Structures are given as C-alpha cells and as structure tokens.
Novice: 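Before anything else, here's the structure in question.
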Amino acid sequence: MSVSRPVTGATRLAAVIGKPVRHSLSPVIHNAAFGACGIDGVYVALPVEPGQSLLAIQAMRAFDWFGMSVTMPHKHEVLEHCDIVTPIADRLGSVNCVFRDADGAIVGDNTDGEGFVAGLQSDLDVDPRGLCCAVVGAGGAAKAVVSALAEAGAAQVLIINRNPDRAAAAASLGGGRGVVAVPEQLVEADVVVNATPLGMASTDHASAVPFDVAALRPDAVVSDLIYHPAETPLLALVRSRGLRAQNGLPMLVHQAVGQFERWTATTPPVEVLHAAVTDALDARGPT
Ligand code: NAP
C-alpha cells in the first residue's frame, strides 16, 4: 500500500545514483519509510553515467539533500569523492550509502553487511555468533556478508567460489576466520548463503541451483540473497527438505533501514518497508 504525500516547499531530497537505475526498488522502500515516519522527504532514482558521481555528491552537498544510495557502477568510484570513508566501506572498497555527519562532512558508508546480519536475525532468529557459516560466491555482496558475519562473531566463514583469486580476496575480509573452501565442506555449515546470481529471474541461469543441496545438514539454515523471484529453485529445494530458509528481501530492507537511519536519525518500521517492496515485486510479476 502506498500513501501519497504532498511535496512541499520544505521537502528534502534523497536519491539513488546508478546506471541503469530504472528498476531500482529503493524508491519504493525509502518513500514508504518517509511516509511511515512522517518525514517531509522524497526519494528519486537518478541515472548517473559512469565517471559522473562527483556531480551528484556536489549536488547533495550544495542542496541539502538527506543523502544518497549508491549502486553500480558508482560504488567504488564514490569512495574518492567523500570527505570521510567508514572503515567498512574502506575495507570493502564499496560505498552504498552517503550521508552527512554532524559537522556537515560527506561520509561514504556501506550498510549491506549489517543489513544481511539484521535480516538473518529478525527473519530467521539466527545469531551467527559461534556458528560455522558458508558463503557461495565472492563478489561484492559476498564480501559484505563475509565481513559482517565475521564481525558478528561467526566461528568460521567458508568461502566457496568458482574463481579462486576472488575467493581468497573475500576470505581476507573474514577477520582471520575467512577460509577458502570447496563445496564438499558445506556439510560443516550451520548457515549457508547463496551470493551468486544463480536462480535470479530474467537471466540465463534463472533455473540454476548454485550447489548440491544434498550436501547440507538437515539443521542448516539457508539464505539466498536473490529476492526476485521470491522463491528461487534453491529455496524451493531446501524447503522441500525441511530446512529453514529466507530470500534476499530481509537483507534488502535492512540495508535500507541502515541508510534511512543515517539520513534522518529515525528508524522506519521494517514491516511497512517489507510490505511496500513485496507489493512492488508482485506487481512486476514472476519474471
Ligand atoms: P557479483 O559481484 O557479480 O558476484 C557474483 C558472484 O557469483 C561471483 O563470485 C561469481 O563467481 C559468482 N557467479 C556468477 N555466475 C556464476 C556461475 N554461473 N556459476 C558459479 N558462480 C557464479 O554480484 P553481487 O553484486 O555480489 O551479487 C550477487 C547476488 O547477490 C545477486 O544475485 C544479487 O542480486 C544479490 N544481491 C542481493 C542483495 C540484497 O539486498 N538482497 C544485495 C546485493 C546483491 P566468479 O567470481 O567465479 O566469477
């Protein structure tokens, strides 16, 4: 359900920059947050060409925007345009959120990993502390998840990836507990994360499953970072075996919560954001 709100002379802007950005769900999520919190803001998607992110940062600085979300291809490029880069954005080499601190400095941050852990806890009631976690994939999302799982106290984070160099790079973010692993080691994992695009709608590998689910323990929980479709072939298989599982929506919503908090010092109601994005995905249909 969307609530229409008047745009006033005092309405402040927030935006996501990216290219392409037309299919971003962030406007749905953040406008639901502004509405639910009664904050006079509006969030738009701005198509910004590669190499042009400095213009957006300058606009945010000059025109008193709440802040920005950052998506591809700007996540790395934006680092050099911020006054301050948080330790996590620096480690990941990736900014997904820009906000202004109390002194007006432009801060580049990354909320993906904290969003993943918050989504795991709130949706599946799983605290990674002391657990063996396995992450399949070693791209940008996987790195954020590996780092956040280690930060949250995971005993070990196994990284399983096709390209061994990228697996090693992701493992290095595991705070000494990141280990390059092979699929046979999935049996060791309490938590298994799919951070590959295998199973994503509208792709060549929409019907693909990223690993053999027979390798998982019956008490393992599975998190597929994909949220479209809501139930990937992987999720259907693991649920048919009775395992508990979640898709990528909790991470998507919670990384947005972290951004909104940085911009407004207000925590939006998670269930309202979740409902708004679910409605938007339902309206898009299965592919
Ligand atoms: P990325 O940087 O392109 O990394 C993709 C990873 O998947 C790479 O490690 C790649 O392996 C692996 N991979 C790709 N195709 C493969 C194949 N055919 N077989 C085996 N491995 C394959 O992508 P990303 O940004 O990390 O995103 C990964 C997934 O997370 C996507 O599905 C994305 O939608 C999802 N995601 C979700 C959220 C959320 O909020 N829920 C946020 C970000 C991303 P190589 O290194 O060997 O090439």
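One-based numbering along the sequence shown. Note that ligands are numbered from 1 as they come in the structure, with each ligand's atoms numbered from 1 the same way. Treat the numbers as computed from the prediction; the structure is a model and nothing was measured.
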Novice: Determine the minimum heavy-atom distance between Ala206 and Ala201, stating which atoms define it.
Specialist: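 So the two residues come closest at CB-CA, 4.3 Å.
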Novice: Would Ile106 and Val98 satisfy side-chain contact (heavy atoms from CB on, under 4.5 Å), going step by step from the backbone distance to the final call?
Specialist: CA-CA 7 Å; Ile106 299 279; Val98 181; 3.4 Å; yes
Novice: Heavy-atom distance to atom 10 (C) of ligand 1: which of Thr196, Asn161, Thr232 wins?
Specialist: Asn161
Novice: Test your reading of the model: is there a side-chain donor-acceptor pair from Arg241 to the backbone of Val213, 3.5 Å cut-off?
Specialist: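 Side chain of Arg241 to backbone of Val213: a pair is present.
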Novice: Under a 4.0 angstrom heavy-atom cut-off, which atoms of ligand 1 come close to Ile226?
Specialist: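 Once the distances to Ile226 are compared, the set is 32 (O).
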Novice: For ligand 1, which atoms have a heavy atom of Tyr227 less than 4.0 angstrom away?
Specialist: 39 (C), 41 (N)
Novice: Looking only at protein heavy atoms, which one is nearest to atom 1 (P) of ligand 1, and what is the separation?
Specialist: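 In this structure, atom 1 (P) of ligand 1 has Gly139 CA, 4.0 Å as its nearest protein heavy atom.
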Novice: Among Arg162, Gln255, Met200, which one puts a heavy atom closest to atom 33 (C) of ligand 1?
Specialist: Met200
Novice: Show your working on side-chain contact (heavy atoms from CB on, under 4.5 Å) between Leu216 and Phe211 and close with a plain yes or no.
Specialist: CA-CA 10 Å; Leu216 307 187; Phe211 50 82; 3.9 Å; yes
Novice: Tell me, which protein residue and heavy-atom name are nearest atom 37 (C) of ligand 1, and how many Å apart are they?
Specialist: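 Looking only at protein heavy atoms, the one closest to atom 37 (C) of ligand 1 is Leu225 O, 3.2 Å.
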Novice: Nearest protein heavy atom to atom 46 (O) of ligand 1, by residue and atom, and its distance?
Specialist: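 The protein heavy atom lying closest is Arg166 NE, 2.6 Å.
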Novice: Any protein heavy atom sitting closer than 4.0 Å to atom 41 (N) of ligand 1?
Specialist: yes
Novice: What about the rings of Phe66 and Phe260, do their centers lie closer together than 6.0 Å?
Specialist: no
Novice: Among all the protein's non-hydrogen atoms, which is closest to atom 6 (C) of ligand 1, and how far away is it?
Specialist: Ala195 O, 3.9 Å
Novice: Would you compute the distance between atom CZ of Arg217 and atom SG of Cys132 and round it to the nearest 0.5 angstrom?
Specialist: 7.5 Å
Novice: Nearest heavy-atom pair of Asn161 and Ala167: which atoms, and what distance?
Specialist: CB-CB, 3.9 Å
Novice: For ligand 1, which atoms, with element, lie under 4.0 Å from some heavy atom of Leu198?
Specialist: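 Counting from 1, the qualifying ligand atoms are 17 (C), 18 (N), 19 (N).
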Novice: Rounded to the nearest 0.5 Å, how far does CG of Leu234 lie from CG of Asp224?
Specialist: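 The CG atom of Leu234 is 5.0 Å from CG of Asp224, to the nearest 0.5 Å.
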Novice: Taking 4.0 angstrom as the limit and counting only heavy atoms of Asn163, give me the atoms of ligand 1 inside it, by number and element.
Specialist: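 Close to Asn163: 45 (P), 46 (O), 47 (O).
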Novice: How many angstroms lie between atom NE2 of His74 and atom CE of Met72, to the nearest 0.5 angstrom?
Specialist: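 CE of Met72 is found 9.5 Å from NE2 of His74.
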Novice: Which atoms from ligand 1 have a heavy atom of Gly248 less than 4.0 Å away?
Specialist: 39 (C), 41 (N)
Novice: For ligand 1, is there an N or O atom under 3.5 Å from any N or O atom of Gly137?
Specialist: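 Among all N and O atoms of Gly137, none is under 3.5 Å from an N or O of ligand 1.
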Novice: Measuring from atom CG of Leu225 to atom OG1 of Thr196, what distance do you get when rounded to the nearest 0.5 angstrom?
Specialist: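 Between atom CG of Leu225 and atom OG1 of Thr196 there are 9.0 Å.
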Novice: What residue among Gln246, His254, Arg244, His274 forms side-chain hydrogen bond (donor to acceptor under 3.5 Å, both in side chains) with Asp123?
Specialist: Gln246
Novice: Any protein heavy atom lying closer than 4.0 Å to atom 3 (O) of ligand 1?
Specialist: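 When distances to the protein are checked, atom 3 (O) of ligand 1 has no heavy atom within 4.0 Å.
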Novice: Got the closest protein heavy atom to atom 14 (C) of ligand 1, with its distance?
Specialist: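 So the nearest neighbour among protein heavy atoms is Pro197 CD, 3.4 Å.
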Novice: Heavy-atom distances under 4.0 Å are what count here, so tell me which part of Pro210 touches ligand 1: side chain, backbone, both or neither.
Specialist: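 Neither; no heavy atom under 4.0 Å.
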Novice: Considering Ala141, Gly140, Ala138 one by one, which has a heavy atom nearer to atom 43 (C) of ligand 1 than any of the others?
Specialist: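 Checking each option, the heavy atom nearest atom 43 (C) of ligand 1 is found in Ala141.
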